[in-house]
Asker: 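Below: one structure in structure tokens.
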Amino acid sequence: MTNQLRDALLASPHLRLFVASGTYDLATPPAATEYTLNHLALGLPEERRAGVVHQTYPAGHMMYAHQPSLERLREHLVAFVGEVAGGR
């Protein structure tokens, strides 16, 4: 899967990736996500690496069920979409 995502990022210069993780997620721990994203970045030029954003929240797997995390997630997503829409 990582190779396919890397290929998509290389083929589509405007494609960006936002990944949200809960600090206390036992199903997909943030460290495992970070490991995967680091391997994804190995084949990407530096300017494409900037298009991969990983945020963690003080919650579990469903960080959106924790109100403070939901609020931060919303802020991060609004900023991410705004950057994409603004062409940055």
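Because only heavy atoms are used, hydrogens play no part in the values below, and waters and symmetry mates are left out as well, while side chains stay in.
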Asker: Using side-chain contact (heavy atoms from CB on, under 4.5 Å), reason through Leu73 and Phe18 one step at a time and then give a plain yes or no.
Answerer: CA-CA 11 Å; Leu73 175 63; Phe18 183 92; 3.9 Å; yes
Asker: Are Asn3 and Arg6 packed together at the side-chain level, in the sense that at least one heavy-atom pair is separated by less than 4.5 angstrom?
Answerer: yes
Asker: List the atom pairs, donor and acceptor, that lie under 3.5 Å between side-chain atoms in residues 41-54 and the rest of the protein, sequence neighbours left out.
Answerer:
| unit_1 | atom_1 | unit_2 | atom_2 | d |
| --- | --- | --- | --- | --- |
| Arg48 | NE | Leu9 | O | 3.0 |
| Arg48 | NH1 | Pro13 | O | 2.9 |
| Arg48 | NH2 | Leu9 | O | 2.9 |
| Arg48 | NH2 | Ser12 | O | 3.1 |
| Arg48 | NH2 | Leu15 | O | 2.8 |
| Arg49 | NE | Ala41 | O | 3.0 |
| Arg49 | NE | Leu44 | O | 3.0 |
| Arg49 | NH2 | Ala41 | O | 3.2 |
| Arg49 | NH2 | Leu44 | O | 3.3 |
| His54 | ND1 | Glu34 | OE1 | 2.6 |
| His54 | NE2 | Ser21 | OG | 2.7 |

Asker: Test of understanding: clusters of I, L, V, M, F, W, Y form through side-chain heavy atoms closer than 4.5 Å, transitively. Do Leu17 and Leu10 belong to the same one?
Answerer: yes
Asker: Kindly list each side-chain donor-acceptor pair under 3.5 angstrom involving residues 59-69, sequence neighbours excluded, with atom names and distances?
Answerer:
| unit_1 | atom_1 | unit_2 | atom_2 | d |
| --- | --- | --- | --- | --- |
| His61 | ND1 | Asp25 | OD1 | 3.2 |
| His61 | ND1 | Asp25 | OD2 | 2.8 |
| His66 | ND1 | Pro58 | O | 3.4 |
| His66 | ND1 | Ser69 | N | 3.3 |
| His66 | ND1 | Ser69 | OG | 2.7 |
| Gln67 | NE2 | Glu71 | OE2 | 3.1 |

Asker: Let's go through Tyr57 and Gln55 carefully: what are the C-alpha distance in whole Å and the side-chain angles of both, what is the deciding distance for side-chain contact (heavy atoms from CB on, under 4.5 Å) to 0.1 Å, and is it a yes or a no?
Answerer: CA-CA 7 Å; Tyr57 304 93; Gln55 297 287 350; 3.2 Å; yes
Asker: List for me each residue that meets ring-ring contact (aromatic ring centres under 6.0 Å, His included) alongside Tyr24, sequence neighbours excluded, and say none if there are none.
Answerer: none
Asker: Just verifying a value: how many Å separate Leu40 CG and Thr33 OG1, rounded to the nearest 0.5 Å?
Answerer: 12.0 Å
Asker: What do you reckon, are the aromatic ring centroids of His76 and Phe80 less than 6.0 Å apart?
Answerer: no
